[in-house]
Asker: 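Below are the structure tokens for one structure; questions will follow.
Just the heavy atoms: all of them, side chains too, but no hydrogens, waters or symmetry mates, feed the values below.
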Amino acid sequence: MASTIQVRIDDELKAKSDSLFRELGTDTTSAIRMFLTQAVAYHGFPFEIRKHTMEYDPFLPMSEEELTAKLEVSRNHVKQGKCKDADKVIQDMRAKYGL
């Protein structure tokens with residue numbers, strides 16, 4: 001026997017989730033079924049649920065002075081040779097981890 005769950009959600013959220021799941025090769029109903037299956041397997045949410053606090057929010061805007069100070073530190077690192085080209089970092093990681 002199968003049960004039905006009805007949920008009211010915002011039209012925009014529904015459209016976005018339908019589009020996302022379609023791109024992933026599934027549909028929203030199947031995605032919800034996967035979520036519920038994983039929740040039962042994990043005995044809880046299958047992802048971390050936490051409250052973002054102002055203290056730990058990495059997206060808080062910095063003041064102009066803070067940003068300028070961080071940029072100056074970065075410029076000094078470049079002058080001192082304490083940086084690597086991104087392509088070199090990726091190449092090193094691929095070699096190290098066999099990617």
Asker: Given a cutoff of under 4.5 Å between side-chain heavy atoms of I, L, V, M, F, W and Y, with clusters grown through shared members, what are the other residues clustered with Val40?
Answerer: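 Traced through the cluster, Val40 reaches no other member.
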Asker: Are more than 12 heavy atoms from other residues, nucleotides or ligands located less than 6.0 Å from atom CE of Met93?
Answerer: no
Asker: Under 3.5 Å, sequence neighbours excluded: what are the donor-acceptor pairs made by side chains of residues 70-77?
Answerer:
| residue | atom | partner | partner atom | Å |
| --- | --- | --- | --- | --- |
| Ser74 | OG | Lys70 | O | 3.2 |
| Asn76 | ND2 | Glu72 | O | 3.4 |

Asker: Could you pull out every donor-acceptor pair under 3.5 Å between side chains of residues 2-12 and any protein atom, sequence neighbours left out?
Answerer:
| residue | atom | partner | partner atom | Å |
| --- | --- | --- | --- | --- |
| Asp10 | OD2 | Glu12 | N | 2.8 |
| Asp10 | OD2 | Leu13 | N | 3.4 |
| Glu12 | OE2 | Lys16 | NZ | 2.9 |

Asker: Going by salt bridge (Lys or Arg N to Asp or Glu O under 4.0 Å), name the pairs with one or both residues in residues 17-30, residues two or more places apart or in two chains.
Answerer: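 Non-adjacent pairs meeting salt bridge (Lys or Arg N to Asp or Glu O under 4.0 Å): Lys14-Asp18.
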Asker: Which residue pairs pass the side chain to side chain donor-acceptor pair (under 3.5 Å) test with at least one member in residues 35-46, sequence neighbours excluded?
Answerer: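 Qualifying pairs, neighbours excluded: none.
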Asker: Sub-3.5 Å donor-acceptor pair from the side chain of Thr68 to the main-chain atoms of Glu64, do we have one?
Answerer: yes
Asker: Please collect all side chain to side chain donor-acceptor pair (under 3.5 Å) contacts where either partner lies in residues 89-99, sequence neighbours excluded, each pair once.
Answerer: Lys84-Asp92, Lys88-Asp92
Asker: Can you sort out the partners of Leu20 under side chain to side chain contact (heavy atoms under 4.5 Å, CB included), two or more places apart, ordered by chain and number?
Answerer: Leu24
Asker: Name all residues meeting the salt bridge (Lys or Arg N to Asp or Glu O under 4.0 Å) criterion together with Glu48; count only those two or more places apart in sequence or in a different chain, and write none if there are none.
Answerer: Arg50
Asker: Do Pro46 and Phe35 have side-chain heavy atoms sitting under 4.5 Å apart?
Answerer: yes
Asker: Output the distance between atom CZ (Phe21) and atom OG1 (Thr26), rounded to the nearest 0.5 Å.
Answerer: 8.0 Å
